[in-house]
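Notes for the one structure printed next.
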Amino acid sequence: MSHLEQLYQQVILDHARERHGEGLIEVDGAAMAGESFQVNPTCGDEVTLRLRLAPSPDGGAPVLEDLGWEGVGCSISRASLSILTDLVVGKDVREVDGLAEDFRALMGNRGVSLGDEREDRLEDGAALVGVAKFPARIKCALLGWMALRDATAKALVIGPS
Amino acid sequence: MSHLEQLYQQVILDHARERHGEGLIEVDGAAMAGESFQVNPTCGDEVTLRLRLAPSPDGGAPVLEDLGWEGVGCSISRASLSILTDLVVGKDVREVDGLAEDFRALMGNRGVSLGDEREDRLEDGAALVGVAKFPARIKCALLGWMALRDATAKALVIGPS
Amino acid sequence: MSTTAEQATGLGAQELARVRADFPILTRQVNGKDLVYLDWGATSQKPECVIDAEQDFYLTTNAAVHRGAHALAEEATAAFEDARAVVARLVGVDDDEIVWTSNATAAINLVAYGISNATAGRGGAEAARFALAPGDELVVTELEHHANLVPWQELAARTGAVLRFIPATDEGRLDLSVLDEVVTDRARVVAVTHASNVTGAVTDLAPIVARAHAVGAIVVLDACQSVPNMPVDLHALDVDFAAFSGHKMLGPTGIGVLYGRRELLAALPPVTTGGSMVEIVTMETTTYAAPPQKFEAGTQMVAQTVGLRAAAQFLDDLGMAGVAEQERVLTQQLLDGLAAIPHVRVLGPLTATDRLGVVAFEVAGVHPHDVGQVLDADGIAVRVGHHCAQPIHRRLGVASSTRASVGIATTPQDIETFLHALAGVRAYFGVED
Amino acid sequence: MSTTAEQATGLGAQELARVRADFPILTRQVNGKDLVYLDWGATSQKPECVIDAEQDFYLTTNAAVHRGAHALAEEATAAFEDARAVVARLVGVDDDEIVWTSNATAAINLVAYGISNATAGRGGAEAARFALAPGDELVVTELEHHANLVPWQELAARTGAVLRFIPATDEGRLDLSVLDEVVTDRARVVAVTHASNVTGAVTDLAPIVARAHAVGAIVVLDACQSVPNMPVDLHALDVDFAAFSGHKMLGPTGIGVLYGRRELLAALPPVTTGGSMVEIVTMETTTYAAPPQKFEAGTQMVAQTVGLRAAAQFLDDLGMAGVAEQERVLTQQLLDGLAAIPHVRVLGPLTATDRLGVVAFEVAGVHPHDVGQVLDADGIAVRVGHHCAQPIHRRLGVASSTRASVGIATTPQDIETFLHALAGVRAYFGVED
Ligand SMILES: Cc1ncc(COP(=O)(O)O)c(C=O)c1O
Ligand SMILES: Cc1ncc(COP(=O)(O)O)c(C=O)c1O
Ligand code: FES
Ligand code: FES
């Protein structure tokens with residue numbers, strides 16, 4: 001794989017073209033909803049991410065019921081948002097937190113794999129491993145995850161009504 | 001002459017020790033008097049120079065009747081003030097202007113003589129020719145002359161009463 | 001030394017090859033390819049003489065300036081002041097009208113904070129001419145780099161002044177049809193770029209300066225892009241202040257220049273205060289030295305002034321008219337080449353007349369950072385993003401762009417390599433034609 | 001790399017010879033004599049590794065940082081941020097608490113103008129903690145360099161705050177007996193030097209920091225003289241801001257450092273505004289990036305950060321405890337030698353305990369500039385004047401002084417040569433014994 005192909009793996013180019021979760025979701029007033037607006041200061045690109053949590057049916061951590069996003073950004077940031085959407089919708093916030101941590105670890109790992117187990121959990125997100133070799137692009141890949149964390153925190157503060 | 005001796009000629013060292021004109025003169029309210037305070041910003045040294053002009057007896061330019069100065073400064077600045085006192089007291093302001101111009105020219109001449117005629121006019125001041133080879137000291141030698149110009153201008157503005 | 005006639009024809013292939021050989025970094029390989037550096041508009045590369053001048057200074061002369069009785073200090077001071085003289089000459093002004101700053105941004109901020117301090121009553125009676133009253137107007141343009149926009153926004157916020165702006169046209173030039181409307185007699189400052197770092201448009205300054213002066217406003221010129229690329233005579237332009245950066249004009253990083261008309265520098269209150277800019281300091285109060293020292297607090301970037309001197313001399317030896325003509329031809333080549341690639345839109349004028357060789361463009365369907373990344377794989381260095389000029393991007397309907405910019409050592413071959421690589425970018429990302 | 005035990009005994013003659021050989025300029029001749037450089041306190045000379053680091057950067061890596069998609073830009077950014085990490089480590093703080101400035105003076109001014117901007121209502125709710133009300137007090141000391149005095153005078157003048165100061169003793173130390181009286185609960189800032197550049201006195205910071213924090217004031221430390229000459233752990237000292245200069249610590253000119261406690265940097269409004277420190281810019285308004293970028297407007301002194309990195313690494317490799325011990329021995333030699341010359345009075349403590357090797361003195365009957373000039377004829381470089389610290393000179397009864405200051409490559413022989421030449425100065429000017 002050439003240097004460039006490590007960054008732009010086919011699955012990334014596909015997600016950048018066929019984006020999952022693009023478009024903000026409607027959240028009715030009653031839900032545990034959160035929204036976050038994030039800017040990548042290096043490039044000025046932006047994303048707005050909105051999500052809705054639902055109380056866990058079994059009394060555990062709330063579940064991320066749905067999310068959507070919109071913004072301007074490069075193929076890496078958009079692919080990352082698309083992959084994130086696939087990964088986190090339907091999981092409870094504790095699981096989502098774990099995934100976010102895995103993803104952050106992947107970005108800090110200079111292109112080295114985190115091992116099969118953790119990377120399997122990240123599904124298509126593991127294809128972003130090469131981004132960590134391009135320091136200027138790490139923020140691109142993390143932008144959506146920052147918005148996700150912020151929006152989740154806001155939704156949790158509001159709490160179930 | 002060594003590099004250093006070009007700066008510190010004997011006549012300069014003598015003037016620095018036996019200073020002419022040191023001490024401010026009294027100026028009565030009626031006179032064309034002027035005073036100037038100057039600082040050499042490089043070293044923080046200061047001089048205050050006070051002088052009194054008198055109308056010319058023959059209707060020409062006013063005459064610099066007396067001056068005195070006080071301040072802190074290096075041997076070059078004090079010698080220059082001492083020499084200046086000898087040179088200008090009793091001359092009319094137009095002659096003084098000419099001397100000041102000669103002296104400034106000497107300081108701008110990188111240690112080269114201005115020729116016998118002009119240097120003779122400067123009397124002991126010609127011994128300061130070597131100062132021009134020490135750029136950091138030129139301001140020392142000119143400090144008194146700046147005060148002289150400023151004080152003269154002030155005295156002329158006030159005019160004879 | 002070229003005559004004016006020779007200059008008008010650019011440098012010629014042989015002279016260009018010789019100039020290019022002066023830039024050691026240009027022999028570098030990037031990702032296995034020869035470096036093609038087309039990011040001169042962000043920062044220039046350095047000829048060997050500049051690197052050597054700075055190095056020699058450290059090896060033989062380094063000392064604090066304007067302070068010592070010793071030989072090194074005298075030599076360093078002479079080098080420092082000689083640099084001021086050479087830079088002053090390059091832009092047609094007097095030595096004591098040149099203030100060293102750390103970059104152009106700092107130079108513009110110096111003026112803005114000087115005005116702020118005057119408004120706060122600092123600087124005595126002479127400074128009152130700068131003091132702003134609420135409702136006074138500061139005029140900028142939609143083409144400005146953030147460096148010549150945000151400091152004026154902040155000055156307005158600090159003082160109650162009002163910010164107005166001259167809009168841009170679709171072509172990326174200033175719309176001077178509204179000049180008299182925007183620059184009213186409440187205007188106190190008109191801050192304008194000499195050349196846009198996005199659209200490359202060179203500003204028609206004469207009417208702006210005339211209008212500003214007619215209403216009693218001072219003109220602050222951002223000369224960052226012009227000084228490295230064309231002849232600039234600040235006295236002839238009749239501007240009041242001007243700012244430019246060493247690193248963009250073949251000089252070192254860490255140095256910028258503020259030009260100020262002599263009487264304005266004398267009247268403007270100091271901004272950064274500390275050592276070497278004072279006369280008498282007591283615990284209670286301080287009196288200040290004359291300009292330029294008044295604005296140069298603390299130990300200055302002496303080695304960098306020596307490097308910048310070498311850069312200014314290098315440019316002066318080439319002749320700025322020749323440099324400009326050289327780059328004009330390359331710019332036209334670049335514009336023509338971009339026009340021939342489908343789905344590429346240039347932001348800015350499409351011909352190289354009154355236009356510098358900073359050429360920003362949009363590739364439909366591909367984000368600029370992705371464009372830049374693919375070019376980088378071929379060793380081609382361009383800039384991506386908003387180039388610190390978000391408003392003009394917004395005005396032209398994009399969030400960001402890719403920008404190729406030429407410099408003194410750019411060759412026609414560089415541009416061919418770039419155009420060839422760019423033509424393949426959309427296919428790489430599978431964007432349909 | 002010395003062990004701690006070795007460090008406590010200084011460098012040793014052999015290691016000193018090796019260190020000295022790293023400084024090419026020290027082989028220079030001045031006025032036909034070998035250069036004896038005793039002006040380290042004004043600016044340090046540069047080891048070859050620092051000069052080379054900067055040169056290599058220009059030869060291989062030069063590019064604008066935090067901006068590009070291209071390889072040079074990425075490499076330059078990595079070098080720039082790595083420098084921040086190495087400098088942070090040298091002074092015991094975190095990377096993102098280090099802001100690059102053009103010199104220490106600019107660093108102190110940054111804090112003063114940040115407070116000014118907060119007082120003008122900039123920076124939103126978090127910045128309100130810095131806002132000054134008339135009658136609030138700013139405390140400085142009589143030992144300060146103008147760089148840590150004049151900015152606070154000006155801040156007071158701009159805001160209506162009141163300046164107070166901790167006086168100096170006859171020995172040239174701070175008189176801490178009046179600490180509680182001077183630092184009242186109206187105090188908002190205590191600006192204090194870590195070591196005087198005139199008397200060499202090292203400040204006993206603990207009681208000052210404790211008192212300042214007890215009354216809710218922030219401590220701004222001038223660490224210009226301490227960082228190059230002794231171990232400094234800013235977190236352990238618990239100061240809020242600190243400033244020091246690259247050129248005094250073997251680094252390049254044109255770079256300084258501001259340390260700020262993380263949460264204070266986050267709350268302080270930006271000062272210099274422009275590119276690379278913003279998030280979103282419209283024509284009307286701007287949002288700012290997080291620190292340290294918030295304070296680094298425009299193109300930074302990238303090559304100088306790389307040089308400063310090499311300098312910090314050089315010092316760290318030697319070990320600051322060893323450097324301090326080395327210089328303590330030389331300082332004692334210097335003090336003893338001066339005590340033995342009639343009619344010479346040292347300004348400052350007479351022993352090398354809690355004292356750095358900047359040794360200012362008066363030669364009765366000879367003006368400092370004349371002293372320096374005669375020494376220069378023997379190739380000896382010392383500093384003359386008020387050393388940008390007029391108040392402490394006035395306090396000690398002189399207008400100016402001659403100052404010898406030792407550095408990392410000073411030898412006992414340098415000091416002997418200096419003392420020998422100094423002993424002849426009064427005779428040269430024919431001053432009676
Ligand atoms: C104690 C002290 N503070 C501040 C400064 C100012 O440093 P700079 O001139 O590098 O800004 C100096 C050096 O001149 C100094 O010795
Ligand atoms: C037009 C223009 N103005 C201002 C600047 C700011 O210059 P600097 O970053 O060197 O302060 C730049 C370059 O970035 C520029 O292109
Ligand atoms: S370049 Fe802006 S998010 Fe990737
Ligand atoms: S050194 Fe101050 S006047 Fe000469």
Side-chain angles (χ1 to χ4, degrees), chain C residues 24-25 28 30-31 42-43 45-46 51 55 58-60 62-64 67-72 102-103 105-106 109 120 122 146-147 150-151 153-154 157-158 165 245 247 252-254 272-275 278 281 283 286 297-299 301-304 369 372-373 376 381 383-385 388 390-391, chain D residues 24-25 30-31 42-43 45-46 51 55 58-60 62-64 67-72 102-103 105-106 109 120 122 145-147 150-151 153-154 157-158 165 245 247 252-254 272-275 278 281 283 286 297-299 301-304 369 372-373 376 381 383-385 388 390-391:
Chain C
I25 201 173
R28 223 196 101 151
V30 164
N31 296 324
T43 199
Q45 296 302 344
K46 320 302 172 202
I51 303 172
Q55 186 185 27
Y58 287 129
L59 291 174
T60 65
N62 177 61
R67 299 181 164 187
H70 59 81
L72 293 186
S102 58
N103 56 23
T105 304
N109 276 269
R122 305 302 299 152
H146 297 163
V150 188
Q153 290 180 345
E154 286 289 327
R158 286 196 301 272
F165 66 90
S245 269
H247 70 92
T253 59
T272 304
T273 56
V278 302
V281 180
M283 286 310 292
T286 293
T299 306
M301 55 300 285
V302 187
Q304 290 73 43
H369 211 118
Q373 198 81 57
D376 178 58
R383 177 107 185 262
V384 299
C388 301
Q390 290 179 13
Chain D
I25 201 173
V30 164
N31 296 322
T43 200
Q45 296 302 343
K46 319 304 173 201
I51 303 172
Q55 186 185 25
Y58 287 129
L59 290 174
T60 65
N62 177 61
R67 298 179 165 188
H70 60 80
L72 293 186
S102 58
N103 55 23
T105 303
N109 276 271
R122 306 301 301 152
H145 187 282
H146 297 161
V150 188
Q153 290 180 345
E154 286 289 328
R158 285 196 300 272
F165 67 90
S245 271
H247 70 93
T253 59
T272 305
T273 56
V278 302
V281 179
M283 286 311 292
T286 293
T299 306
M301 54 300 285
V302 187
Q304 290 73 42
H369 212 118
Q373 197 82 57
D376 178 59
R383 177 104 187 261
V384 299
C388 301
Q390 291 180 11

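Heavy atoms only: backbone and side chains are in, while hydrogens, waters and symmetry mates are out. Order of the sequence lines fixes the chain letters, A, B, ..., with proteins taken first and strands second; residue numbering starts at 1 for each chain.
A donor-acceptor pair under 3.5 Å is absent between the side-chain atoms of C:Q304 and the main chain of C:T253, judged by distance alone. Side-chain atoms of C:N103 never come within 3.5 Å of backbone atoms of D:M301 as a donor-acceptor pair (strictly under, hydrogens ignored).
The residue among D:L72, D:T299, D:T43 with the most heavy atom pairs within less than 4.5 Å of chain C is D:T299. Note: D:G275 leads D:G372, D:A106, D:G275 in heavy-atom pairs under 4.5 Å with chain C. Counting heavy-atom pairs closer than 4.5 Å to chain D, the top-ranked of the candidates C:H247, C:K46, C:R28, C:M283 is C:M283. Counting heavy-atom pairs closer than 4.5 Å to chain D, the top-ranked of the candidates C:A42, C:P252, C:A120, C:S245 is C:P252. Here D:T60 is the residue among D:V302, D:N31, D:T60, D:V30 with the most heavy-atom pairs under 4.5 Å with chain C. The candidate from C:S102, C:A64, C:A71 with the greatest count of non-hydrogen atom pairs under 4.5 Å with chain D is C:A71.
Heavy atoms of D:V278 lying under 4.5 Å from chain C belong exclusively to its side chain. Both the backbone and the side chain of C:H369 come within contact range of chain D, judged by heavy atoms closer than 4.5 Å. In this structure, chain D has heavy atoms under 4.5 Å from both the backbone and the side chain of C:T272. For a residue to count as touching a neighbouring chain, one of its non-hydrogen atoms must lie under 4.5 Å from one of that chain's; by this rule D:V384 touches chain C with backbone and side chain alike. Heavy atoms closer than 4.5 Å to chain D are found in both the backbone and the side chain of C:V281. In this structure, chain D has a heavy atom under 4.5 Å from the side chain of C:I51, while its backbone stays farther away.
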- Check against side chain to side chain donor-acceptor pair (under 3.5 Å), D:T273 and C:E154: CA-CA 8 Å; D:T273 56; C:E154 286 289 327; over 6 Å; no
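Residues D:R383 and D:C388 share a closest heavy-atom pair of NH2-SG, 4.0 Å. Between D:A381 and C:H70, the shortest heavy-atom distance links the atoms CB-CG, 3.4 Å.
The OG1 atom of D:T105 sits 11.0 Å away from atom NE2 of D:H146, with the distance rounded to the nearest 0.5 Å.
Listed by chain and residue number, C:Y113, C:S116 satisfy the side-chain hydrogen bond (donor to acceptor under 3.5 Å, both in side chains) test with C:R158 (two or more places apart in sequence, or in another chain). Applying the side-chain hydrogen bond (donor to acceptor under 3.5 Å, both in side chains) test to D:Q45 and every residue at least two apart in sequence or in another chain returns C:N62.
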